[in-house]
Amino acid sequence: MHTTNLLELFSQLTDEELVARVAAGGLTEEAQAIAIAELESRQIPIPQAVEPVEEEYLGDMVILERGMTPTEAHMLCSCLESAGIQADAGDTNLVQANSLLTIAVGGACVRVHSSQLAEAKEVIEAFRRGDFELGDDFDPGEMPA
């Protein structure tokens, strides 16, 4: 971007927007210098650049289960996510939109990261055993202390 365009752009930003752009750290050297000059002209403290947070690589996504209905796949994903496991329901739109392709794709599936596969299997087994069932006397208004 041309210097005059950057000057105009940064002068039109609100204080919060300008601070956020400088703190994000994604600007070129020229743009960063112009943005800092604009902050100084407004007498706003220069923010420290925020370090991007790197997410831990949990491995490739692998199929945990296949051959379900879309509803079952979404329900199991929710169960896994509540246990802290990243899960994804796959092929649900295809199966739901065209039931004739269900057999061809093997039904809907649930995918998890390979490093979480063993834990995910344990959670699904516990779910199927009924470990998460609520008793007949469960009262949602009654919270344990």
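We number each residue from 1, following the sequence as shown.
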**Complete:** The remaining residues in the hydrophobic cluster of F138, counting side-chain heavy-atom contacts under 4.5 Å among Ile, Leu, Val, Met, Phe, Trp and Tyr, are L134
**Request:** Report the residues that fulfil salt bridge (charged side-chain N to carboxylate O under 4.0 Å, His left out) with D131, sequence neighbours left out, ordered by chain and then residue number.
**Result:** R129
**Request:** Show the numbers, then the answer: is there a salt bridge (charged side-chain N to carboxylate O under 4.0 Å, His left out) between R128 and E133?
**Result:** CA-CA 10 Å; R128 291 208 167 111; E133 279 186 20; over 6 Å; no
**Message:** Rounded at 0.5 Å granularity, tell me how far CD1 in I34 sits from CG in L6.
**Reply:** 4.5 Å
**salt bridge (charged side-chain N to carboxylate O under 4.0 Å, His left out) partners of R111, counting only residues at least two apart** = D88
**Asked** Rounded to the nearest 0.5 Å, what separation is found between the CD atom of Q12 and the CG atom of L18?
**Response** 12.0 Å
**Of all pairs that satisfy salt bridge (charged side-chain N to carboxylate O under 4.0 Å, His left out), the ones with a partner from residues 90-106, not counting sequence neighbours** = R66-D91
**Request:** Not counting sequence neighbours, which residues clear side chain to side chain donor-acceptor pair (under 3.5 Å) with E17? List them please.
**Result:** T14
**Request:** Please answer: with hydrophobic residues joined when any side-chain heavy atoms are less than 4.5 Å apart, are L94 and I63 in the same cluster?
**Result:** no
**Message:** Apply the hydrophobic cluster definition, ILVMFWY joined by side-chain contacts under 4.5 Å directly or through others, and give me every member besides M61.
**Reply:** none
**Request:** Taking the side chain as every heavy atom from C-beta outward, state whether V22 and F10 have any pair of such atoms under 4.5 Å apart.
**Result:** no
**Request:** With rounding to the nearest 0.5 Å, note down the distance linking CG in L39 to CD1 in I46.
**Result:** 4.5 Å
**Asked** Hey, what else clusters with M75 if you join Ile, Leu, Val, Met, Phe, Trp, Tyr whenever side-chain heavy atoms sit under 4.5 Å?
**Response** V62, L64, M68, L76, L80, I85, V110, V112, L117, V123, I124, F127, F132
**Message:** Tell me every residue that passes side chain to side chain donor-acceptor pair (under 3.5 Å) with D60, counting only those two or more places apart in sequence or in another chain.
**Reply:** Y57
**Message:** Contact between Q116 and H113 at the side-chain level, heavy atoms closer than 4.5 Å - yes or no?
**Reply:** yes
**Request:** For the pair T92 (side chain) and P70 (backbone), establish whether a donor and an acceptor sit closer than 3.5 Å, ignoring hydrogens and angles.
**Result:** no
**Request:** Mind listing the closest non-hydrogen atom pair of C109 and A73 along with its distance?
**Result:** O-CB, 3.9 Å
**Asked** With sequence neighbours excluded, what pairs up with R42 under the salt bridge (charged side-chain N to carboxylate O under 4.0 Å, His left out) test?
**Response** D15, E38
**Request:** For E122, enumerate each residue passing the side chain to side chain donor-acceptor pair (under 3.5 Å) test, keeping only those at least two apart in sequence or located in another chain.
**Result:** none
**Item:** Listed once per pair and sorted, the side chain to side chain donor-acceptor pair (under 3.5 Å) pairs that draw on residues 96-109, sequence neighbours left out
**Value:** none
**Least distance between heavy atoms, G107 atom then V95 atom** = C-CG2, 3.8 Å
**Prompt:** Would a 4.5 Å heavy-atom cut-off, applied to side chains only, mark L9 and R21 as touching?
**Reply:** yes
**Prompt:** Does any pair with a residue in residues 69-82 pass salt bridge (charged side-chain N to carboxylate O under 4.0 Å, His left out), and if so which ones, sequence neighbours excluded?
**Reply:** none
